Amino acid sequence: MPKNPAFLEIYRCLSLCYGRRNWWPIVRDGVSLYLPEFLARPRTPEEIFEIAVGAILTQNTAWKNVEKALAALEKSELLSARAILAASDADLAEAVRPAGYYNQKTKKLKLFARRITDELKGNIFALSQKGPEKSREWLLSHWGIGPETADSILLYGFSFPFFVVDAYTRRSFSRIGLLPNNAAYTSIQRTFHENLEFDPTLWREYHALIVELGKDTCRSSPFCNRCCLATRCKSAEQGTASAP
DNA sequence: CGCCAGGTTGTTG
DNA sequence: CAACAACATGGC
């Protein structure tokens with residue numbers, strides 16, 4: 001199957017529009033850092049664990065709130081499987097609280113830390129030794145980790161070739177006309193996999209750029225009049241979908 | 001104030 | 001299997 005060049009063209013367009021995102025951020029001293037030099041090397045096990053925690057915390061939640069929670073976890077030295085297991089539910093929940101759904105997320109983190117400890121000898125990096133597919137199955141078998149959370153950990157933590165699909169991806173690309181309206185996660189991901197050569201930096205940035213697009217112009221009520229993709233977007237034609 | 005955030009799980013028809 | 005509720009805080 002020949003690739004649809006639109007996928008790479010849209011990436012280039014978003015890249016020009018929004019610039020480099022340098023995802024995934026790492027929290028240091030309470031601040032999310034987006035550093036290019038950080039992307040130039042593989043993640044450390046500590047960073048991978050933090051990415052996993054952030055990926056769980058950001059489920060249906062604004063990153064701003066996740067940032068507060070991560071900062072609180074950092075301050076309480078709760079950014080390791082060992083520390084999370086040792087902490088009381090109450091203490092962990094207090095740090096997680098700003099990210100919302102704190103009871104659920106506290107439980108997810110506890111269970112996650114428990115499995116990392118029991119099945120991976122406390123080192124999340126050991127997961128990658130299973131290879132991409134087995135790593136994904138391991139994550140998906142976990143209560144509280146669905147496809148987007150798993151793929152975020154796999155792509156941003158391990159550089160494994162899984163495109164991260166989120167609500168913004170579904171919304172924007174169905175508006176553009178490159179995806180059907182209510183496509184399933186797997187189907188959307190397959191479309192991206194089929195139309196983009198794997199390049200970890202490109203795939204990471206692409207997802208980050210789609211999030212930026214979704215927050216900037218392609219909102220639930222979109223601003224098509226100032227969207228950099230308007231000329232190639234089916235939904236923005238004739239300005240029919242422009243906001244008031 | 002109401003809507004929406006970088007989803008996932010459980011329940012029901 | 002699709003549709004829907006539950007989960008919760010904080011920014012705009």
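Model, not experiment: these values are computed from the prediction. Every chain is numbered from 1, with letters handed out A, B, ... down the list of sequences.
Other residues, nucleotides and ligands contribute over 12 non-hydrogen atoms within 6.0 Å of the CD atom of A:E212.
Between A:W23 and A:H207, the ring planes are perpendicular. Angles over 60° get that label, and only those under 30° would be called parallel. The aromatic rings of A:W138 and A:H142 lie parallel to each other, their planes meeting at an angle below 30°, with 60° marking the opposite boundary. Using cut-offs of 30° and 60° for the angle between ring planes, the A:F7 and A:F192 rings count as perpendicular.
Summarising the geometry, the separation between CG on A:N103 and P on B:dT9 is reported as 17 Å, rounded to the nearest angstrom. Going from atom NZ of A:K108 over to atom C1' of B:dG7 covers 7 Å, rounded to whole Å. Note: CG (A:D166) to C1' (B:dT8) measures 14 Å, nearest angstrom. Atom CD1 in A:I153 sits roughly 14 Å away from atom P in B:dG7 (whole-Å rounding). The nearest whole Å value for the distance from the NZ atom in A:K215 to the P atom in B:dA5 is 10 Å.
A:Q129 contributes no side-chain N or O that, together with a main-chain N or O of A:A126, makes up a donor-acceptor pair within less than 3.5 Å. The backbone N or O of A:G144 lies less than 3.5 Å from a partner atom in the side chain of A:Q59, making a donor-acceptor pair. A donor-acceptor contact shorter than 3.5 Å is absent between the side chain of A:W203 and the backbone of A:H193.
A:T149 places none of its side-chain heavy atoms less than 4.5 Å from the side chain of A:D151. Counting only heavy atoms from C-beta outward, the side chains of A:S15 and A:E205 never approach each other to under 4.5 Å. In this structure, the side chains of A:L57 and A:Y102 stay at 4.5 Å or more apart for every pair of heavy atoms. The closest side-chain heavy-atom distance from A:R190 to A:T186 is below 4.5 Å. Put simply, the side chain of A:S128 reaches to within 4.5 Å of the side chain of A:F160, judged on heavy atoms.
When heavy atoms are screened at a 4.0 angstrom cut-off, A:I210 is found touching no nucleic acid atom at all. Note on A:R97: only backbone sugar-phosphate atoms sit closer than 4.0 angstrom, heavy atoms only; bases stay farther off. No contact: A:A99 has no heavy atom under 4.0 Å from any strand. Using a 4.0 Å heavy-atom distance criterion, A:K105 is classed as making no nucleic acid contact.
For residues 101-117 of chain A, the salt bridge (Lys or Arg N to Asp or Glu O under 4.0 Å) pairs, not counting sequence neighbours, are A:D89-A:K110, A:R114-A:D118, A:R115-A:E119.
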- Run the numbers on A:T169 and A:D166 for side-chain hydrogen bond (donor to acceptor under 3.5 Å, both in side chains), then give the verdict. CA-CA 5 Å; A:T169 312; A:D166 64 355; 2.6 Å; yes
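Comparing C:dT9 with B:dG10, their C1' atoms are spaced 22 Å from each other, to the whole Å. Rounded to whole Å, the P atom of C:dG10 lies 24 Å from the corresponding atom of B:dT9. The gap from the C1' atom of B:dC1 to that of C:dC7 amounts to 22 Å, rounded to the nearest Å.
Helical stems in DNA chain C, defined as runs of 3 or more consecutive Watson-Crick or G-U wobble pairs with both donor-acceptor distances under 3.5 Å, are listed by first residue as B:2-5 with C:9-12, B:7-13 with C:1-7.
Under the 4.0 Å criterion applied to side-chain N and carboxylate O atoms, A:R82 and A:E77 are not assigned as salt-bridge partners. Contact check on A:E74 versus A:R28 returns no salt bridge, with no Lys/Arg side-chain nitrogen under 4.0 Å from an Asp/Glu carboxylate oxygen.
For DNA chain C, the span of nucleotides reached by chain A at under 4.0 Å from its heavy atoms goes, 5' to 3', from C:dC7 to C:dG11.
Of all the residues in residues 54-64 of chain A, A:T58, A:Q59, A:N60, A:T61, A:A62, A:W63 reach under 4.0 Å from DNA chain B with at least one non-hydrogen atom.
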Check nucleotides 10-13 of chain B for protein N or O atoms closer than 3.5 Å to its own N or O atoms and list the pairs.
residue : atom : partner : partner atom : Å
B:dG10  : OP1  : A:W143  : NE1          : 3.1

Distances under 3.5 Å between protein N/O atoms and the N/O atoms of nucleotides 2-4 of chain B, please, pair by pair.
residue : atom : partner : partner atom : Å
B:dC4   : OP1  : A:S220  : OG           : 3.3

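Judged by closest nucleotide on DNA chain C, A:N182 is the one of A:N182 and A:P98 placed further toward the 5' end.
If you check the side chains of A:R43 and A:S159, you find no donor sitting under 3.5 Å from an acceptor.
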